[in-house]
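To start, the structure itself, in structure tokens.
Lettering follows sequence order; numbering is per chain, from 1.
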Amino acid sequence: MIRVKNLSMKFDDFLAVNDLSFDVAEGEVLGFLGPNGAGKSTTMKIISGFLSATSGEVSVCGVDVSQDPQKVQKMMGYLPEGAPAYGEMTVAAFLDFIAQVRGFCGDKKRQRIQAVVEQVQLQSVLHQVIDTLSKGFVRRVGLAQAIMHDPKVLILDEPTDGLDPNQKHQVRELIKGLAKDKIVIISTHILEEVSAVCSRALIINQGKLLLDGHPEKLEKQSRYHNAICLQLAEDVSQAATLLEGVANIDSVEQIQERKFMLFPQDGQMLLPEVVRWLDTKNWQVENLHLEKGRLEDVFRQVTTVSQKEAC
Amino acid sequence: MNLNMTAIVMRRQLHSYFATPVAYVFILMFLVLSGVFSFYLGHFFEKGQADLNAFFNFHPWLYLFFMPAISMGLWSQERQLGTIELLMTLPIGLGNAVVGKFLAAWLFSGIALLLTFPIWVTVSYLGDPDHGVILAGYLGSWLMAGGFLAVGSCMSVCSKNQIVAFLLTVVVCFLFMVSGVSMVLDAFSLAPQWVIDFVAGLSFLTRFDAIARGVFDLRDVIYFVALIGLWLYLTQIFLQRFKAN
């Protein structure tokens with residue numbers, strides 16, 4: 001379990017993390033969301049023991065990070081932002097160095113390196129110098145070093161940044177596969193990633209916690225939750241105004257010529273009512289679907305509101 | 001202190017020295033210049049003496065530029081490339097990392113120094129030198145190299161730019177070198193005697209002169225060892241302060 005309590009971090013006059021508190025339990029994959037400069041990386045750096053907090057406590061599996069950082073670092077795999085690695089080394093030499101630091105030697109070391117290389121699919125570049133690798137491969141080398149000792153706690157700062165869609169999918173599958181009995185914290189600004197891998201999402205801005213919950217629960221706060229996207233087969237004059245008359249509809253937005261977004265009042269279910277109404281009007285419908293809610297919308301909503309408040 | 005971790009960090013750093021041709025060019029330059037200094041400026045042959053004074057006398061000046069070049073990248077490169085965040089979040093420990101990296105640089109300088117052995121062979125062939133004095137000279141020279149490198153390690157933490165780290169090291173080492181020269185001591189003429197003695201005692205040159213002449217005084221050895229210890233300790237403190245900037 002990771003416990004972050006009243007964490008604050010101040011750089012000169014800039015408050016990067018502002019009284020942040022949260023717990024992460026075993027088996028959880030926590031997505032850390034926030035605009036650039038929100039304090040995500042700083043918080044991760046403090047949890048990993050790289051930075052010392054100005055005030056507050058961080059404990060990992062009962063060990064205080066500021067008291068015994070090395071003990072925490074032994075339990076933890078950490079991928080720093082930008083996946084730094086020693087560029088002049090080959091992938092094999094770099095992973096060998098990491099395996100040694102993680103206490104492996106002899107046959108066990110060889111087996112462990114081989115397993116990790118297979119997990120993140122680095123076989124083809126094993127003997128290449130890291131400086132000559134593409135961004136995607138460098139990121140995977142970073143992931144390989146983080147999971148080398150099969151750690152209980154994984155902290156990944158933007159693990160899929162710079163990867164192509166296939167590689168992103170692979171990394172997400174890998175994280176999902178790892179997560180069963182581990183604590184995983186990933187930071188990202190790709191919102192689809194949160195829905196894809198995380199069991200919980202935290203949205204922070206200006207170092208403050210704004211929202212905390214299951215991604216689906218967060219999506220429900222979006223005005224798109226239970227909204228209906230309707231595309232008509234033919235032109236109907238005054239369609240938007242007519243649609244606004246349907247019960248429980250809060251507003252109608254025309255997206256394209258024959259495409260409308262119907263927003264419900266207080267997230268109510270509109271579908272049966274709208275279908276019945278369309279039937280009575282005898283309008284030809286080309287496409288109609290229900291929106292689950294958009295995390296992106298919630299994200300924008302809460303982060304811009306908090307920014308305005310600060311101004 | 002975990003010797004195993006120190007050794008792992010040291011091996012990695014040594015590996016990175018030899019990963020590019022720069023190390024080989026560096027060693028070659030060192031050998032050529034030490035030869036040029038001893039034979040042309042030191043008049044090794046003309047002196048007609050079976051010793052290596054002509055060779056050792058130029059070492060402090062040679063080291064003033066060569067040692068900062070070895071140490072400049074130790075930490076500044078890690079800071080610039082962000083690998084410092086990786087290194088500092090692996091369960092290595094700050095002290096082990098500092099000592100491991102320093103030892104790699106020191107070993108590298110030792111390898112360069114060992115490769116000057118043909119001059120020892122030459123002087124043994126031409127005459128009958130006192131091998132004890134020569135051995136003491138080599139050990140003293142290596143110790144002094146350690147002093148330069150420890151200063152360099154600390155300066156390397158202070159800047160992300162390797163060139164700045166290089167220049168800072170040259171300046172600090174130069175001050176340490178000339179602190180025993182009468183011109184510098186004259187500047188302190190108004191200061192109490194103990195200050196003058198202290199400044200004079202800091203000098204690399206005076207200490208090394210004695211060792212190079214074969215006077216292997218334990219106090220000189222302690223001086224260099226303490227100097228290395230002090231600058232490595234400062235490296236740790238600066239690292240805590242600057243690592244995240």
Side-chain angles (χ1 to χ4, degrees), chain A residues 9 11-12 16 41-42 44-53 63 65 68-90 92-105 109 129-131 138 141-142 145-146 148-149 151 153 155 157, chain B residues 1-26 73-101 104 108 157 160 162 236-245:
Chain A
M9 183 72 194
F11 295 108
D12 298 323
S41 289
T42 308
M44 291 181 134
K45 281 177 182 159
I46 296 170
I47 299 175
S48 68
F50 181 63
L51 286 179
S52 315
V63 184
V65 178
D68 196 349
Q70 258 176 282
K71 195 168 176 187
V72 170
Q73 285 157 357
K74 275 184 189 157
M75 297 187 268
M76 185 185 284
Y78 175 51
L79 173 71
E81 194 179 3
Y86 293 107
E88 75 282 355
M89 294 176 107
T90 62
F94 177 68
L95 293 180
D96 189 82
F97 163 67
I98 297 292
Q100 283 179 42
V101 171
R102 292 299 182 184
F104 294 103
C105 55
K109 185 174 79 179
V129 172
I130 294 176
D131 266 345
V138 174
V141 171
Q145 68 77 18
M148 179 62 77
H149 55 306
V153 179
I155 313 272
D157 202 346
Chain B
M1 195 82 201
N2 180 334
L3 288 181
N4 190 28
M5 282 297 172
T6 312
I8 295 170
V9 173
M10 185 189 78
R11 277 201 299 273
R12 200 216 67 74
Q13 187 68 39
L14 260 183
H15 178 281
S16 99
Y17 275 131
F18 287 103
T20 60
V22 175
Y24 301 98
V25 173
F26 177 90
L74 279 181
W75 293 103
S76 59
Q77 207 176 12
E78 299 254 0
R79 282 185 61 196
Q80 195 181 17
L81 300 176
T83 44
I84 192 161
E85 195 172 341
L86 179 75
L87 190 69
M88 296 283 112
T89 50
L90 287 170
I92 290 173
L94 196 60
N96 296 323
V98 169
V99 175
K101 274 175 162 284
F108 182 82
V157 174
K160 278 186 187 178
Q162 293 199 43
Q236 273 198 52
I237 292 177
F238 283 24
L239 207 50
Q240 285 280 25
R241 173 75 186 76
F242 291 123
K243 65 181 178 185
N245 285 17

Report task. Drop me the distance from Met89(A)'s CE to Thr83(B)'s OG1, to the nearest 0.5 angstrom. Result -> 11.0 Å

Requested in this report: State, with a plain yes or no, whether a side-chain heavy atom of Glu85(B) is found less than 4.5 Å away from one of Glu81(A).
Outcome: no

Report summary line: CZ (Phe94(A)) and NE2 (His15(B)) are apart, to the nearest 0.5 Å, by 12.0 Å

Report summary line: So, the part of Met5(B) with a heavy atom under 4.5 Å from chain A: the answer is side chain

Query - Side chain / backbone / both / neither for Phe11(A) at chain B, heavy atoms under 4.5 Å - result: neither

Report summary line: Interatomic distance, OH@Tyr86(A) vs CG@Leu87(B), rounded to 0.5 Å, equals 4.0 Å

Requested in this report: Against chain B, label Ile98(A) side chain, backbone, both or neither, depending on which of its atoms sit under 4.5 Å from a heavy atom there.
Outcome: side chain

Query raised in the report: More than 12 non-hydrogen atoms from neighbouring residues, nucleotides or ligands closer than 6.0 Å to NZ on Lys243(B), yes or no?
Result: yes

Report task. Identify which part of Ala83(A) has an atom lying under 4.5 Å from any heavy atom of chain B, answering side chain, backbone, both or neither. Result -> neither

Query raised in the report: If you draw a 6.0 Å radius around NZ in Lys71(A), do more than 12 non-hydrogen atoms from other residues or ligands fall strictly inside?
Result: no

**Report entry** Minimum heavy-atom distance between Glu88(A) and Ser16(B), given as atom pair plus value
**Finding:** OE2-CB, 2.7 Å

Query raised in the report: Do the side chains of Arg102(A) and Leu90(B) get nearer than 4.5 Å, heavy atoms only?
Result: yes

Query - Min side-chain heavy-atom separation Phe50(A)-Ile84(B) under 4.5 Å - result: yes

Query raised in the report: Does Arg11(B) reach the side chain of Gln100(A), with side-chain heavy atoms less than 4.5 Å apart?
Result: yes

Query raised in the report: Where on Leu81(B) is there a heavy atom nearer than 4.5 Å to chain A: the side chain, the backbone, both, or neither?
Result: backbone

**Report entry** Contacting region of Glu78(B) [heavy-atom separation from chain A under 4.5 Å]
**Finding:** side chain

